[in-house]
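One structure is given below, encoded as structure tokens.
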Amino acid sequence: MRKSVFVTALVLTAISLTACGGKKGPDNGGSGTVDLEKVHQAVKDVYGENYIPSAAYDAQALNDIFGVPADLYEEFIAEGPMISVHVDTFVAIRAKEGKGGDVEKLLGDYRTRLVEDSMQYPMNISKVQASEVVRHGDYVFFVMLGTASEEAQEQGEEAALQSAQEENKKAVDAINAFFEG
């Protein structure tokens with residue numbers, strides 16, 4: 001009898017520990033949800049004073065600029081540059097359940113338009129090309145951040161692109177840390 005009580009207690013303990021697991025990452029409490037504000041702050045912290053986006057986008061801008069209508073998401077954070085010389089942009093969206101793929105496609109379409117159709121200052125071309133759409137289930141991010149080194153830009157397009165990719169990867173790594181585990 002004692003053995004079965006002990007085994008039952010052990011099984012119940014294991015089940016309760018597993019049920020509390022959720023997605024682990026910085027400060028998400030194992031709840032399975034990720035706090036976009038904390039992700040945003042982590043990305044800003046990676047760049048420090050080199051984080052350029054400072055103009056918050058509202059729901060209308062999210063639809064007009066990025067093509068993401070309000071019926072696809074629960075919440076979002078989106079920022080772009082105040083000065084048109086810069087292109088630095090951060091978008092974090094928690095899509096409605098099951099809509100992450102739709103949001104990913106729309107942000108991917110936006111990225112494609114930027115890369116293929118828009119005119120950019122020469123200093124921003126590599127940054128636009130290095131931009132990424134990152135998806136974790138119903139969490140979708142558009143990241144175009146960082147400062148390519150002047151030395152890389154002087155070495156040509158390939159070096160500038162590699163430098164921009166390395167800079168953008170800092171944000172992607174900060175985002176991914178919230179979904180690992």
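Between Glu132 and Asn168, the closest side-chain pair of non-hydrogen atoms falls below 4.5 Å. Side-chain atoms of Phe76 and Val91, non-hydrogen and from C-beta on, never get closer than 4.5 Å to each other. At a threshold of 4.5 Å between non-hydrogen side-chain atoms, the residues Phe141 and His40 do not count as touching. Contact of the Leu106 side chain with the Phe142 side chain is not registered, since no non-hydrogen atoms from C-beta on lie closer than 4.5 Å. Residues Arg111 and Leu114 are not in side-chain contact: their nearest non-hydrogen atoms beyond the backbone lie 4.5 Å or more apart. The side-chain heavy atoms of Val140 and Leu107, taken from C-beta on, include a pair separated by under 4.5 Å. Considering only heavy atoms from C-beta on, Val128 comes within 4.5 Å of Val87 through its side chain. Val39 places a side-chain heavy atom less than 4.5 Å from the side chain of Val34.
Tyr110 contributes atom OH, which lies 10.5 Å from atom CG of Leu62 (distance to the nearest 0.5 angstrom). Remark: Lys44 NZ to Asn50 CG distance equals 14.0 Å, nearest 0.5 Å. For the atom pair Ile52 CD1 and Met144 CE, the distance stands at 11.0 Å (nearest 0.5 Å). The NZ atom of Lys169 sits 14.5 Å away from atom CG of Leu145, with the distance rounded to the nearest 0.5 Å. To the nearest 0.5 Å, atom CZ of residue Phe66 and atom CG of residue Asp109 are 13.5 Å apart. Gln162 CD to Gln165 CD: the interatomic distance, rounded to the nearest 0.5 Å, is 7.0 Å.
Between Glu104 and Arg135, at least one side-chain N (NZ, or NE/NH1/NH2) sits under 4.0 Å from a carboxylate O, which counts as a salt bridge. Contact check on Lys127 versus Asp88 returns a salt bridge, with a Lys/Arg side-chain nitrogen under 4.0 Å from an Asp/Glu carboxylate oxygen. Salt-bridge annotation for Glu116 and Arg113: absent, with no side-chain N of the basic residue lying under 4.0 Å from a carboxylate O of the acidic one.
Listed here is the closest heavy atom pair of Phe90 and Ile175: CE1-CD1, 4.2 Å. Pro81 approaches Tyr57 most closely through the heavy-atom pair CD-OH, 4.1 Å. Contact between Val46 and Ala174 at its shortest, heavy atoms only, is CG2-CB, 3.8 Å. Nearest approach of Gly146 to Tyr47, heavy atoms of both residues: CA-CE2, 3.6 Å. Between Ser126 and Ala164, the shortest heavy-atom contact is O-CB, 3.5 Å. In this structure, Tyr51 and Glu79 approach most closely via the heavy-atom pair OH-OE1, 2.7 Å.
In this structure, Thr112 contributes its side chain and Gly108 its backbone to a donor-acceptor pair below 3.5 Å. With hydrogens and angles disregarded, no donor-acceptor distance shorter than 3.5 Å links the side chain of Asp138 to the backbone of Ala95.
Cluster membership check: Tyr139 shares its hydrophobic cluster with Val134, using side-chain heavy-atom separations under 4.5 Å among Ile, Leu, Val, Met, Phe, Trp and Tyr.
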Take Lys96 and Leu72 through the test side-chain contact (heavy atoms from CB on, under 4.5 Å) and record every step on the way to the result. CA-CA 6 Å; Lys96 288 187 175 177; Leu72 290 181; over 6 Å; no
Under the side-chain hydrogen bond (donor to acceptor under 3.5 Å, both in side chains) criterion, do Asn176 and His136 qualify, and how do the steps go? CA-CA 8 Å; Asn176 289 343; His136 291 279; 2.7 Å; yes
